[in-house]
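Structure first, commentary second.
Every chain is numbered from 1 and lettered A, B, ... according to where its sequence line falls, protein lines coming before strand lines.
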Protein chains: 2
Amino acid sequence: MSNVRIGIAGYGNLGKGVELAIRQNPDMELVAVFSRRPPEQVKLLTEGVPVYSINDAEKYQNDIDVLIICGGSATDLPEQTPAFAKLFNVIDSFDTHARIPEHFANVDKVAKENNHLAMISLGWDPGLFSLNRVYAESILRDGKTYTFWGKGVSQGHSDAIRRIKGVKMGIQYTVPIASAIEAVRSGSQPDLSTREKHERVCYVVAEDGADLAQIENDIKTMKNYFDEYNTTVNFISEEQFRAEHNTLPHGGFVIRSGKTGADLQTNQTIEYSLTLGSNPEFTASVLIAYARALNRFKAEGKTGCMTALDVPPAYLSPLSPEELRAHCL
Amino acid sequence: MSNVRIGIAGYGNLGKGVELAIRQNPDMELVAVFSRRPPEQVKLLTEGVPVYSINDAEKYQNDIDVLIICGGSATDLPEQTPAFAKLFNVIDSFDTHARIPEHFANVDKVAKENNHLAMISLGWDPGLFSLNRVYAESILRDGKTYTFWGKGVSQGHSDAIRRIKGVKMGIQYTVPIASAIEAVRSGSQPDLSTREKHERVCYVVAEDGADLAQIENDIKTMKNYFDEYNTTVNFISEEQFRAEHNTLPHGGFVIRSGKTGADLQTNQTIEYSLTLGSNPEFTASVLIAYARALNRFKAEGKTGCMTALDVPPAYLSPLSPEELRAHCL
């Protein structure tokens, strides 16, 4: 089989991650990057790959097997994914959980009408966490599923901090509470409030002369973002901020605590966890594995929209079914 | 859709586990148990379900959608699964890793010739651990995968202890070494010897007047079973044995430690773990989820042999694709 020819739409943290992940997959080839910025202003990490205006994407339909759309979920992807599904087989990481059914329907319709295949909402949550919830709940029918996130940087909460008056730089870490995880692992199936599952830890560089007490209060009382959590605000120097808070780690846990047996007396626990040095690099690695799966399904004639729940594990692997049975089963 | 009509072939620990798991799945129905023992000697936990001689199974072909074969991997399943695949759609938990390709080929041929569908080597290893290895290795292309087993009872090692002269009762726990797991989680990708990954802990009730030092030496030096491990032998009373060692816990960890980024400088860790109060009850719960998937694939006309690597997560769930996208994704 020849290489899977990948295009990237949107060259931010995730787009760069996809570019890097392609280097780790010899059966993948980056053929073009599309950007909203003027192409001459976009400098790739890879030499020899052209950058085009996103408005010219239509011209390159025949050159690309899978277009990976690396926009944001709030406003970009609801527009971009259906639009690009007219032109390409597409993959996105749409992560607004409540709007997935609507996004799926929109993308499915366009993809089917244009004989394309789309895979949406890939990454780790939604994505790997979702499929682990489905596996675990399908196997342990009586039980409770818990998802914890972190320790990791929440971009949305970090942005919210930076909008507060007097804040020069800010970052927010979501931290799962260890005692809650231990309670879940024990099999006691506790009911946990929002406050009992996660805490929020902020690092802030204040502007000269800013009112620190006011900043701390503004953060801790912010509706929807911080008010339901125990939040710690640490003021640090700009130097320390740049040295210690320049990466985007993340991760989390999906734990299913279930019961089996004649009297449902037996505790059974399934746990899946991720410890990620870089959220965008990991998410990109997931997208590339699903690009391989998409290419295989397309070769079988499949069209429309799929999610991680519809893809057999073997389709993600560069190994053949025979090799997988011999070496991984 | 009407209930999936399940038959069980072989009524040991695993067969009983399947019987119990069916109770937790309202879309499943136990219609018959087949045994090598005289049927009148087999007492089920469920009232009203008939027990038949395994030799009469052919008569019930039209009554069963999926036959779950609960024999042992050493001698039963290599014979039984191909033989039953002539008559039924079948599921087994064949776990002799090195012989899976051969077993797959045998079952695939018979199933295809008889228009049946088979799923083999299901459970947690092979099974859930296998598919987690495939997901993790497909996503993190540069890295190392580690599998740890335990803490749990190894039936094979327990049997080996009980064959030693002077041993009245015995059980063996495989215990993963915590410092090895921590080293793997750190991202250092250590090379670990057999001895560095697991230790073996035995509890023995000796016969009156037995030579305890000799028993301990016989265990610790037993080739292929104990000689490559650090082994601890604890002599306990029969009373204590019956009170404290009457369940079959097990579990383990699959950890992929990988690297991403321009210089492969970023640590990324994927971890999957099971803590099982009862190994056979959990394995049975896995088999039942795959019986649901098998029934769906059969309705689509699929025949031949499949493994856990070929099944999309959504096929295991009693929920519809729409429900899964709305609630689990």
Check each atom of [X] against the heavy atoms of chain B and say whether the ones under 4.5 Å are side chain, backbone, both or neither.
X	value
A:Ile100	side chain
A:Ser121	side chain
A:Asp95	neither
A:Leu287	neither
A:Asp142	both
A:Leu20	side chain
A:Arg292	side chain

Practice item. Go through the steps to decide whether B:Gln268 and A:Ser285 satisfy the test side chain to side chain contact (heavy atoms under 4.5 Å, CB included), and finish with yes or no. Key: CA-CA 10 Å; B:Gln268 310 274 19; A:Ser285 300; 6.0 Å; no
**Study point:** Engaged part of B:Gln265 at the chain A interface, taking heavy atoms whose separation is under 4.5 Å
**Key:** side chain
Revision key, fill the gap. Correct closest heavy-atom pair for A:Gln24 and B:Arg141 would be O-CB, 3.5 Å
Check your understanding: With chain B, which of A:Val134, A:Thr147, A:Ile139, A:Thr145 has the greatest number of heavy-atom pairs at distances under 4.5 Å?
Key -> A:Ile139
Practice item. May I ask you to list the residues in residues 315-329 of chain A that approach chain B closer than 4.5 angstrom, counting heavy atoms only, ordered by number? Key: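 A:Leu316, A:Ser317, A:Pro318, A:Leu324, A:Arg325, A:Ala326, A:Cys328, A:Leu329, listed by number.
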Check your understanding: Is there a donor-acceptor pair closer than 3.5 Å between any side-chain N or O of B:Glu281 and the backbone N or O of A:Lys259?
Key ->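 Checked: no pair found.
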Point to revise | 4.5 Å side-chain heavy-atom contact, A:Thr266 and B:Phe282 | key: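 The answer is no; the side chains never approach within 4.5 Å.
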